[in-house]
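All chains are named by letter (A, B, ...) in the order of the sequence lines, taking the proteins before the strands, and each is independently numbered beginning at 1.
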Amino acid sequence: MEYNFREVEKKWQKYWKENQTFKTDSDQSRPKFYVLDMFPYPSGSGLHVGHPLGYIASDIYARYKRLKGFNVLHPMGYDAFGLPAEQYAIQTGQAPAITTEQNIARYREQLDTIGLSFDWSREVRTSDPDYYKWTQWIFLKLFGSWYNNQSKRAEAIETLTAEFSKNGNQMLDACTTQEIKFTASQWNAFSENEKSEILLNYRLAFISEATVNWCPALGTVLANEEVKEGLSERGGHPVERKLMKQWSLRITAYADRLLNDLDGIDWPESLKEQQRNWIGKSEGAQLKFKLQNSDLAIEVFTTRPDTIFGATFMTLAPEHELVSKITSNDQKAAVEKYIEEVKKRSERERMTEVKRITGVFTGAFAVHPFTAKPIPVWIGDYVLAGYGTGAVMSVPAHDERDHAFARHFSLPIVEVIQGSEERNIQEQSYDAKDGKCINSDFLNGLKVKDAMRRIIDEISSRGLGQGKVNFRLRDAIFGRQRYWGEPIPIYYKDAIPHAMPESELPLILPEVDKYLPTEDGEPPLARAKDWKYKGVYEYETTTMPGWAGSSWYFLRYMDAGNKDAFASKDALNYWQDVDLYIGGAEHATGHLLYVRFWTKFLFDLRLIPVNEPARKLINQGMIQGRSNFVYRIKDSNQFVSFNLKDKYETIALHVDVNIVENDVLDLNAFKNWRAEYADAGFILEDKVTKAETTGDSGIYICGAEVEKMSKSKWNVVSPDAMIEKYGADCLRLYEMFLGPLELSKPWNTNGISGTSNFIRKLWKLYHSPVNGNKDFVWSVSEEQPLKTELKVLHKTIRKITEDIERYSFNTSVSNFMICVNELTDLKCNKRSILEPLAILVAAYAPHIAEELWEKLGHNKSISTAPFPEFNEEYLVEDQFAYPISINGKTKFNLEISLALNKEEIEKEVLSAEEVQKFLAGQSPKKVIIVPGRIVNIVI
RNA sequence: GCCCGGGUGGUGGAACUGGUAGACACGCAGGACUUAAAAUCCUGUGGUCAUUGCGACCGUGCGGGUUCGAUUCCCGCCCCGGGUACCA
């Protein structure tokens with residue numbers, strides 16, 4: 001029998017399920033290894049061929065680690081809350097819980113056919129009350145905590161109130177939005193409601209009035225990373241700025257740690273860089289500029305305090321609170337008009353019209369803190385309200401944006417940093433932090449770096465301000481005006497938010513009649529009937545964002561069924577963190593930042609033993625679609641083959657890639673594809689000459705292009721179709737063989753016959769042909785292996801081990817092919833070689849490996865076998881074919897004993913006939929010998 | 001604009017810390033088997049020239065450099081992919 005993958009794969013998938021082969025051992029005496037895939041959102045369209053790429057890689061690694069004797073945790077679950085299910089619910093009225101359930105069932109079915117070794121007993125779903133109970137629980141912990149900048153960790157809110165009643169907030173160094181200072185006696189005199197209001201400014205989960213990204217089409221606010229170029233990431237709807245009361249998480253408290261700890265984790269450099277940029281740490285100074293004839297002052301943040309003598313004007317964000325207070329009477333009309341205009345411009349316009357310079361003079365003047373000269377105060381929309389203090393000291397000579405603004409409004413430009421080259425500062429700003437100070441009083445002659453230190457000292461000693469670090473990172477908006485998410489376990493008493501007691505969790509997501517906002521614009525949860533805490537107090541009606549459940553799920557897998565805790569101490573201490581995390585790079589500034597934040601928070605509360613969620617992370621590349629085209633001759637139903645299309649006037653049409661193989665169109669399938677093509681005519685080309693043909697040998701070649709994989713482009717390939725045709729083992733091998741895991745590549749099946757052949761050849765190694773190659777019978781001998789056979793085996797053991805350890809899955813598939821080719825050439829059918837080989841391939845092609853293993857006489861799954869030991873002995877050579885180079889160019893090879901030393905090698909090489917020919921009587925200038933590698937003769 | 005990746009045959013890709021460039025696979029060409037086709041197996045396959053025989057020269061985006069030797073290291077440029085966007 002030829003290898004029947006359909007039967008064999010089904011058999012072993014059933015076996016694994018029935019025997020719970022991949023259920024994680026509770027034995028903690030063995031070393032642990034935690035392999036995790038990024039949480040999938042179960043979308044309605046199921047998996048396409050790109051999704052399994054990472055799953056296959058992580059599965060290989062997990063299976064490999066099991067063979068190596070590790071206790072492996074390799075779980076899977078679903079990030080089941082989210083917008084698409086809810087959008088679908090709005091359109092169809094179907095409850096999101098039901099569609100989500102269906103989608104999950106479909107996902108599971110697909111995942112099973114790939115032969116992935118997940119421990120399904122630990123499956124989690126974020127929409128399951130048993131799960132979101134703990135998401136809510138962590139939220140309450142965030143609500144009940146504040147960030148102490150002194151101890152650099154989150155602490156329970158009780159330590160804060162204790163401090164307040166002792167010292168007020170005078171000495172406190174906390175991460176806060178509280179602006180007013182109070183004493184202990186003031187604090188103690190506050191009413192309960194006043195105290196609650198103040199505490200909200202310290203809590204890590206807090207409610208505040210904030211400018212948010214409001215998406216009217218989705219009817220919800222969005223976090224910064226959910227907005228791309230002024231449009232919502234999901235659906236591409238316009239987003240506007242809106243001031244709203246919002247739940248937020250104080251992630252900014254962790255900015256410094258999130259930044260610094262990146263150095264300690266093995267994540268892709270580009271991903272870490274993205275996080276660094278997103279956090280956006282900048283060092284500089286914060287200082288006050290007094291206003292002329294006023295008690296008021298404008299506070300600015302600058303990264304270039306060294307250029308302060310070049311500050312010729314100031315610019316405020318249009319939203320800045322001082323604007324209305326400082327505007328002079330004669331400028332009042334102009335300022336108001338300008339602010340009106342700015343408000344009308346949408347966020348998208350503002351972003352796309354970056355180059356448009358707008359602004360207006362307030363009529364007010366500030367006093368330069370060092371020269372005492374008056375400088376005008378302007379308003380400009382290039383200054384962002386949300387960053388720094390919302391105001392800048394404008395140094396047009398050394399800041400491109402200030403320069404553009406100054407030129408547009410004819411404001412003075414004064415050079416204060418002299419670079420190495422001559423330049424006209426009126427033409428272009430000089431932004432580099434390189435050069436010497438000029439026109440800068442006591443800074444003159446100092447280098448930028450030294451000037452920076454000097455001026456910050458001066459600013460502090462004169463009481464103008466101090467050195468300051470600023471972050472671009474904003475607090476994370478946490479509430480969503482949507483139905484399909486975790487309810488926030490908060491109720492309101494006198495409009496003050498109160499935490500539900502932990503013991504009463506979970507707060508179950510209530511049923512609603514419609515998934516739409518109420519007539520008054522309240523979120524859908526406001527529709528829930530009689531949904532009140534203790535039947536009296538209104539619950540919070542916003543829900544948590546999609547990333548809430550995924551910010552801690554890696555911990556739940558460690559102890560998924562636990563009713564008493566999110567995971568037991570015991571499990572947390574054993575499993576610690578994720579050893580290998582595989583997923584897409586698109587989560588760089590979303591999920592991967594939040595999961596790090598929550599991990600640090602839980603660590604601070606001593607709830608978990610680790611500070612970072614994942615030691616090693618790999619971004620798998622995207623699999624793009626490869627679209628095929630047919631060329632219809634204009635105004636006809638005639639289709640012309642690719643190489644002949646230029647002779648006609650044609651229209652290119654997407655054709656379903658599933659009826660095209662190696663760019664050759666299946667004509668009958670095409671006719672059946674759509675009714676309109678049933679009587680299509682074809683102009684075919686000759687296979688070889690690319691000329692027109694009339695005979696049967698003609699074929700229709702399609703055009704091809706790489707595009708995003710999408711239904712509308714007819715280039716979606718589902719793994720199901722591939723598995724049906726070639727089998728799961730073949731798909732697994734092929735997806736790995738395609739290239740390095742991290743690389744993005746278009747899906748094309750042109751090479752899949754290679755891996756399919758490999759599986760057949762592997763099978764044949766263990767079998768002998770009978771009936772003239774028609775059938776195969778099991779044929780493994782007990783003979784002693786030859787040296788050459790052992791050499792092939794051990795070379796492969798070493799290669800495969802090295803490849804897996806460095807996540808080079810594509811080269812290990814190549815090495816399997818080499819191994820099988822060589823053993824086939826040697827006609828090797830010995831158990832002592834083929835048994836270890838089966839274990840080696842078991843991680844990659846588990847179904848065929850199990851089948852061979854069973855036939856070899858084993859009655860336990862191959863996943864319990866030990867990975868073959870590598871033995872150097874079999875690879876020891878006594879000869880090496882040295883490449884002999886003349887002047888660095890390889891000319892020929894020469895067999896030389898490896899036992900020889902340099903001098904002996906040189907003697908042997910120089911006496912060789914071929915070398916003599918090149919030397920032609922001369923003696924070489926130099927001979928370089930690297931034993932065991934190369935000989936180079938310089939003439 | 002800025003910040004990361006990356007440019008190797010017809011194609012996907014390989015080459016450990018500077019040491020035989022193109023492993024492995026696809027495709028293509030030729031051959032065997034077959035009435036024929038498919039499947040399978042064998043041989044060849046970077047380019048140019050020479051093919052009567054040895055072979056010779058060029059070649060890892062382009063131009064320089066370091067080195068006995070560079071796909072690998074350094075400098076300058078070009079192109080492609082991803083991220084980001086007035087963050088003071």
Within the sub-3.5 Å range, which N or O atoms of nucleotides 55-59 of chain B have a protein N or O partner, and how far apart are they?
residue: B:rC58; atom: OP2; partner: A:Lys889; partner atom: NZ; Å: 3.1

Pull out every protein N or O sitting under 3.5 Å from an N or O of nucleotides 2-12 of chain B, one pair per line with the distance.
residue: B:rG12; atom: O2'; partner: A:Leu738; partner atom: O; Å: 2.6

Listing time: all N or O pairs from protein to nucleotides 67-71 of chain B that are below 3.5 Å?
residue: B:rC68; atom: O2'; partner: A:Asn936; partner atom: ND2; Å: 3.2
residue: B:rC68; atom: O2; partner: A:Asn936; partner atom: ND2; Å: 2.5

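Residue contacts shown for A:Asp402 are absent, as no nucleic acid heavy atom lies under 4.0 Å away. When heavy atoms are screened at a 4.0 angstrom cut-off, A:Thr315 is found touching no nucleic acid atom at all. As judged by a 4.0 angstrom heavy-atom cut-off over every strand, A:Thr302 is placed among residues touching the sugar-phosphate backbone only. As judged by a 4.0 angstrom heavy-atom cut-off over every strand, A:Pro740 is placed among residues touching the sugar-phosphate backbone only. At a threshold of 4.0 angstrom between heavy atoms, the contacts of A:Ser394 with the nucleic acid are absent.
The gap from the C1' atom of B:rG64 to that of B:rC78 amounts to 15 Å, rounded to the nearest Å. The same atom, P, is picked in B:rA32 and in B:rU71; the two are 42 Å apart, to the nearest Å. Taking atom P in both B:rC26 and B:rC33, the straight-line distance is 23 Å, to the nearest Å. Nucleotides B:rA29 and B:rG9, compared at atom C1', are 16 Å apart to the nearest Å. Here the separation of B:rG30 from B:rC62, taken at their C1' atoms, is 38 Å to the nearest Å. Here, B:rG7 and B:rG61 have their P atoms 8 Å apart, quoted to the whole Å. Atom name P, nucleotides B:rG5 and B:rG46: the rounded distance is 33 Å, in whole Å. Between B:rG63 and B:rG59, the distance separating the two P atoms is 9 Å to the nearest Å.
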(Q) Please evaluate residues A:Met393 and A:Phe289 with respect to the criterion side chain to side chain contact (heavy atoms under 4.5 Å, CB included), reporting the C-alpha separation (whole Å), side-chain torsions for both, the decisive distance (0.1 Å), and the verdict. (A) CA-CA 9 Å; A:Met393 62 171 214; A:Phe289 280 59; 3.9 Å; yes
Q.
Working note: A:Thr315 + A:Ser394, criterion side-chain hydrogen bond (donor to acceptor under 3.5 Å, both in side chains); need CA distance, chi angles, decisive distance, verdict.
A. CA-CA 7 Å; A:Thr315 315; A:Ser394 300; 2.8 Å; yes
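Rounded to an integer number of Å, the gap from CH2 of A:Trp747 to C1' of B:rC26 is 14 Å. Distance NZ (A:Lys795) to P (B:rC24): 10 Å, rounded to an integer number of Å. Rounded to an integer number of Å, the gap from A:Phe880 CZ to B:rG19 C1' is 10 Å. Rounded to whole Å, atom C1' of B:rA85 lies 15 Å from atom CG of A:Asp431. With rounding to whole Å, A:Arg933 atom CZ is found 11 Å from B:rU17 atom P. As a whole-Å value, the separation of A:Lys799 NZ from B:rC16 P is 10 Å. When rounded to the nearest whole Å, the span between CD of A:Glu400 and C1' of B:rA85 equals 12 Å. To the nearest angstrom, C1' of B:rA88 lies 9 Å from CG of A:Asn470.
Screening A:Leu900, A:Leu894, A:Leu898 against A:Ile905 for a side-chain contact (heavy atoms from CB on, under 4.5 Å) leaves a single residue, A:Leu900.
Salt-bridge annotation for A:Asp399 and A:Arg304: absent, with no side-chain N of the basic residue lying under 4.0 Å from a carboxylate O of the acidic one. A:Glu273 has a carboxylate O that lies under 4.0 Å from a charged side-chain N of A:Arg276, or vice versa, which qualifies the two as a salt bridge. Classification of A:Lys791 and A:Glu822 as a salt-bridged pair fails, no side-chain N sitting under 4.0 Å from a carboxylate O.
Atom CD of A:Gln466 sits in a crowded spot, with more than 12 heavy atoms from other residues, nucleotides or ligands closer than 6.0 Å.
Every residue meeting the side-chain contact (heavy atoms from CB on, under 4.5 Å) condition with A:Gln620, not counting sequence neighbours, appears here in chain and number order: A:Leu53, A:Ile582, A:Leu741. With sequence neighbours left out, A:Tyr882 forms a ring pair (Phe, Tyr, Trp, His ring centres under 6.0 Å) with A:Phe880. Residues satisfying the side-chain hydrogen bond (donor to acceptor under 3.5 Å, both in side chains) test with A:Lys745, not counting sequence neighbours, are none. Annotation: side-chain hydrogen bond (donor to acceptor under 3.5 Å, both in side chains) contacts of A:Ser641 (sequence neighbours excluded): A:Glu685. Scanning for side-chain contact (heavy atoms from CB on, under 4.5 Å) contacts around A:Ser429 gives A:Glu400, A:His403, A:Asp431, with sequence neighbours left out. A:Asn619 pairs by the side-chain contact (heavy atoms from CB on, under 4.5 Å) definition with A:Pro268, A:Leu271, A:Ala585, A:Leu617, not counting sequence neighbours. Considering only residues two or more places apart in sequence or on other chains, A:Tyr807 meets the ring pair (Phe, Tyr, Trp, His ring centres under 6.0 Å) condition with A:Tyr61.
You'll find that the side chain of A:Arg472 is closest to B:rA85, out of B:rC24, B:rG13, B:rA85.
Dashed line: the shortest gap from a side-chain N or O of A:Arg760 to OP1 or OP2 of B:rU40 is under 4.0 Å. Distances shorter than 4.0 Å separate some side-chain N or O of A:Tyr387 from OP1 or OP2 on B:rA88. The phosphate of B:rA23 has neither OP1 nor OP2 within less than 4.0 Å of any side-chain N or O from A:Asn821. Taking only side-chain nitrogens and oxygens, A:Thr890 comes nearer than 4.0 Å to OP1 or OP2 of B:rA21.
Here the OG atom belonging to A:Ser812 is positioned 10.5 Å from the CG atom belonging to A:Leu840, to the nearest 0.5 angstrom. The CZ atom of A:Phe405 sits 7.0 Å away from the CG atom of A:Leu411 when rounded to the nearest 0.5 Å.
Using a 4.5 Å cut-off on side-chain heavy atoms (C-beta onward), A:Ile251 and A:Leu258 make contact. Side-chain contact check for A:Pro740 versus A:Phe809: every heavy-atom pair is 4.5 Å or farther apart.
Aromatic ring orientation, A:Tyr734 versus A:Phe737: tilted (interplanar angle from 30° to 60°).
Applying a 4.0 Å cut-off to non-hydrogen atoms, the residues of residues 803-811 of chain A that approach RNA chain B are A:Arg806, A:Asn810, A:Thr811, listed by residue number.
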Q) Using Watson-Crick and G-U wobble pairs with both distances under 3.5 Å, what is the 5'-to-3' dot-bracket string of RNA chain B, with [ ] for crossing pairs and | for pairs outside the strand? A) (((((((..(((......[....)))((((((.......))))))((((.....))))..(((((..]....))))))))))))....
